[in-house]
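Report on the structure given below.
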Amino acid sequence: NVSKRLFYEGVLITLDAAVDFSRRYSTEARKLSESEKDNVRKKELEQISEICARVPELPARTFWEALQSVWVTHLIFWVESNGNSVALGRFDQYMYPFYEESLDKGEITKDDGLELLECLYIKMSEIIKVYDGITAKFFGGFPQGQIIVVGGQTEEGLDATNDLSVLCIEAMTEVKTRQPNLAVRLHDGSPDDFALKACELARECNGQPEFFNDEIVIAALLNIGISIDEARNYAVAGCVEIALPGKTNTWGVAAMINFGKCLELALNNGKSRLTGKQLGPTTGDPRKFKKFEDMMEAYREQVKHVSKQVVIAQNCIQSAHAELAPQPFVSAFMSDCVEKGEDFVRGGARFNFTGPQGVGVASVADSLAAIKKLVLEDKTVTMSELTEALARDFQGKYQEVRSLLLNESPKYGNDDDYVDLIAREVGRIHCLSYSQYRDSRGGIYTPGMLSNTAGIMFGEVVAATPDGRRVNEPLSDGISPVAGRDICGPTAVYKSAAKLDLVLCPQGAVLNLKMIPALLDDR
């Protein structure tokens with residue numbers, strides 16, 4: 001088989017290249033050591049040279065060698081794929097044996113291990129992906145999704161936390177770098193001191209760590225047919241995209257779906273209010289809707305239409321990647337690729353996921369709640385008045401309508417079932433709309449609800465919405481409430497988010513909650 005032979009040749013070429021890549025660092029470190037006057041630094045450079053001459057060609061023997069091997073491999077993954085969100089998996093699990101042995105043999109102290117971890121974090125912060133202008137609007141900010149996972153469970157369901165799990169948190173507390181993303185897996189059996197250490201980091205470090213609920217994530221993976229032992233071993237890529245380490249090709253943010261635009265189309269019979277173009281199916285004149293389910297069905301049809309377009313586009317893109325952008329180096333480290341003789345991007349990995357992400361959950365939930373309460377139940381606003389107000393962006397006499405929408409209907413994020421259960425249905429509509437499709441690699445579509453900064457960009461192409469949002473204003477972030485509308489405290493926000501059917505969301509969902517630091521000061 002010619003294609004398999006070419007694949008294996010490509011794998012061997014890239015593995016040899018990785019060895020040469022590391023040896024060049026070895027040569028440079030040796031050269032620098034020869035002219036170094038400081039004895040401490042000279043010894044460090046000599047050690048670096050010895051380590052880079054050995055790994056990743058040969059198995060690591062020490063914690064330092066293992067870290068260096070991970071770093072070189074990680075760096076080449078980036079070079080080969082020009083990718084994003086190249087993750088390090090369950091770092092505390094595969095690195096702990098090296099850490100423990102190096103401690104036991106006296107090769108390092110705990111402080112030495114901490115310093116080496118901090119050096120790794122700093123090196124990871126050197127990787128910056130330069131985006132074009134349009135892409136930067138969707139993925140603004142510095143972090144590149146290099147995520148390290150600590151804590152969680154073993155494949156047998158026991159607690160997996162170890163001393164290195166805690167050390168990874170301590171290293172981030174010290175250096176406070178923006179990379180890597182540090183993901184903390186928590187479950188019912190997580191040690192209290194480990195959870196507390198993670199919470200202390202959250203108090204001190206902007207955006208670190210991320211918290212993952214094992215009970216929900218594992219259930220979501222079981223729901224798509226993953227075995228219990230593999231589900232318990234899950235890791236994270238990017239920010240919240242779930243993957244099975246060493247077994248998964250996951251396109252975590254394969255597409256972003258503008259929920260706000262879907263609602264706009266549902267309220268205008270499939271036409272864009274901003275351009276007048278027919279973008280979606282005709283789902284009826286909303287002024288003739290008699291009950292709330294009529295509104296929901298129109299919205300559901302618009303989402304289903306968009307989902308189909310996403311699948312068509314994604315399968316075309318993935319087919320092009322398979323033909324034009326193979327990844328033989330990544331394939332060498334992925335279960336089943338070498339066994340099957342099939343590249344990572346051609347479906348060689350054991351699991352293949354494509355993750356369409358929904359944007360604007362809270363904006364749409366608040367909007368639908370306003371329609372249900374003010375138009376269909378209380379009848380304080382007619383559907384004709386509402387549609388005219390939306391068409392005119394609440395200008396002039398329609399400012400009063402906007403005031404009613406903003407102030408007289410429930411808002412997601414306040415533990416109010418009236419709107420929270422609508423948000424749950426908005427999420428379910430998104431997640432279930434992909435159940436019938438397969439991607440071009442033979443895998444499944446695994447929806448999620450994260451937005452990065454896409455809510456800002458998407459808001460620029462969405463007309464006014466029934467929650468009182470005006471044209472060009474941002475849509476809500478992830479599964480967080482619309483900014484400023486959660487007025488019952490953080491616990492209410494958690495309760496609202498917990499009502500979403502996240503078991504249907506195997507690609508993850510982001511709840512961002514920002515607090516004034518003084519609120520978390522010691523009392």
Side-chain angles (χ1 to χ4, degrees), residues 259-271 273 283-303 360-430 459 462-471 473-476 479-489 492-493 495-497 499-501:
F259 288 172
K261 196 67 179 180
C262 292
L263 180 62
E264 177 190 326
L265 298 178
L267 285 165
N268 200 34
N269 206 11
K271 284 187 178 180
R273 290 193 190 280
T283 47
D285 184 344
R287 292 170 294 184
K288 297 180 181 179
F289 293 165
K290 301 300 182 185
K291 55 186 186 296
F292 185 61
E293 182 50 37
D294 295 336
M295 181 71 251
M296 290 302 297
E297 184 58 27
Y299 176 74
R300 188 176 291 110
E301 287 302 310
Q302 297 298 337
V303 173
V361 179
S363 295
V364 170
D366 288 357
S367 295
L368 290 169
I371 293 172
K372 182 180 181 183
K373 180 171 175 55
L374 300 180
V375 178
L376 298 172
E377 293 179 355
D378 296 352
K379 302 188 186 304
T380 53
V381 179
T382 68
M383 187 64 87
S384 293
E385 288 174 327
L386 176 62
T387 55
E388 189 64 24
L390 297 177
R392 295 181 181 274
D393 194 29
F394 302 115
Q395 299 288 350
K397 65 179 182 179
Y398 295 105
Q399 291 182 28
E400 184 177 343
V401 174
R402 181 171 187 255
S403 180
L404 288 170
L405 296 169
L406 286 170
N407 301 308
E408 300 300 326
S409 65
K411 301 294 185 286
Y412 170 81
N414 297 292
D415 190 23
D416 186 334
D417 280 357
Y418 189 98
V419 60
D420 294 347
L421 295 183
I422 293 174
R424 177 184 174 90
E425 185 60 20
V426 170
R428 283 177 58 83
I429 289 170
H430 165 61
V462 177
T465 44
D467 60 336
R469 177 195 148 276
R470 302 189 67 178
V471 66
E473 290 182 353
L475 298 175
S476 58
I479 59 171
S480 306
V482 174
R485 294 185 188 170
D486 51 314
I487 59 175
C488 296
V493 174
K495 288 183 175 180
S496 290
K499 294 172 194 174
L500 301 179
D501 199 354

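Numbers here are sequence positions counted from 1.
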Item to check | Short side-chain to backbone donor-acceptor contact, N269 and G284, under 3.5 Å | outcome: yes

Checklist entry - Taking the side chain as C-beta and beyond, is there a heavy-atom pair between L263 and P466 under 4.5 Å? => result yes

Item to check | L421, V426, I422 screened by side-chain contact (heavy atoms from CB on, under 4.5 Å) with R424, the one that passes | outcome: L421

Checklist entry - Would you say N268's side chain and E264's backbone share a donor-acceptor pair under 3.5 angstrom? => result no

Checklist entry - Between L376 and F289, which heavy-atom pair has the shortest distance, and what is it? => result CD2-O, 4.1 Å

Checklist entry - Measuring from T465:OG1 to F394:CZ, what's the distance to the nearest 0.5 Å? => result 6.5 Å

Checklist outcome for this item: Closest heavy-atom pair, D486 versus G413, reported as atoms and distance to 0.1 Å, is CB-O, 3.7 Å

Checklist entry - Hey, are the side chains of L390 and Y398 touching, using non-hydrogen atoms and a 4.5 Å cut-off? => result no

Checklist outcome for this item: Value for OG1 (T380) from CG (L405), rounded to nearest 0.5 Å, stands at 8.5 Å

Next on the checklist: My understanding is that only residues two or more places apart in sequence, or in another chain, count here; which of them pass salt bridge (Lys or Arg N to Asp or Glu O under 4.0 Å) with E408?
Outcome noted: none

Checklist outcome for this item: Of all heavy-atom pairs linking V361 and A423, the shortest is CG1-O, 4.1 Å

Item to check | Heavy-atom check, side chain of F292 versus side chain of E377, under 4.5 Å | outcome: no

Next on the checklist: Can you list everything that forms a salt bridge (Lys or Arg N to Asp or Glu O under 4.0 Å) with K411? Sequence neighbours excluded, please.
Outcome noted: none

Next on the checklist: For a quick test of reading the model, state the closest non-hydrogen atom pair linking A362 to S480 and the distance between them.
Outcome noted: CB-O, 3.3 Å

Checklist entry - Taking only residues at least two apart or on different chains, which pairs with a member in residues 389-407 satisfy salt bridge (charged side-chain N to carboxylate O under 4.0 Å, His left out)? => result E388-R392, D393-R470

Next on the checklist: I need the R469 CZ to S476 OG distance, nearest 0.5 Å.
Outcome noted: 10.0 Å

Next on the checklist: So does V364 get a backbone contact from the side chain of Y299, meaning a donor-acceptor N/O pair under 3.5 Å?
Outcome noted: no

Checklist entry - If you round to the nearest 0.5 Å, how far is CG of L374 from CD1 of I371? => result 9.5 Å

Item to check | Heavy-atom neighbours of K499 NZ exceed 12 at 6.0 Å | outcome: yes

Next on the checklist: Can you tell me how far apart CG (D501) and NE2 (H430) are? Round to the nearest 0.5 Å.
Outcome noted: 12.5 Å

Checklist entry - Going from CG on L267 to SG on C262, what distance comes out if it is rounded to the nearest 0.5 angstrom? => result 11.5 Å

Next on the checklist: For E425, give me all partners under side-chain contact (heavy atoms from CB on, under 4.5 Å), at least two apart in sequence or on another chain.
Outcome noted: M296, R300, R428, I429

Checklist entry - Considering all heavy atoms of both residues, which atom of A463 and which atom of V471 are nearest to each other, and what is their separation? => result CA-CG2, 4.0 Å

Next on the checklist: Using the salt bridge (Lys or Arg N to Asp or Glu O under 4.0 Å) criterion, which residues pair with R287? Sequence neighbours excluded.
Outcome noted: D285

Checklist outcome for this item: Applying salt bridge (Lys or Arg N to Asp or Glu O under 4.0 Å) to R485 and not counting sequence neighbours gives D366, D467

Checklist entry - Which heavy atom of M295 sits nearest a heavy atom of A266, and at what distance? => result CE-CB, 3.8 Å

Item to check | side-chain contact (heavy atoms from CB on, under 4.5 Å) assessment of R273 paired with T387 | outcome: CA-CA 10 Å; R273 290 193 190 280; T387 55; 4.1 Å; yes

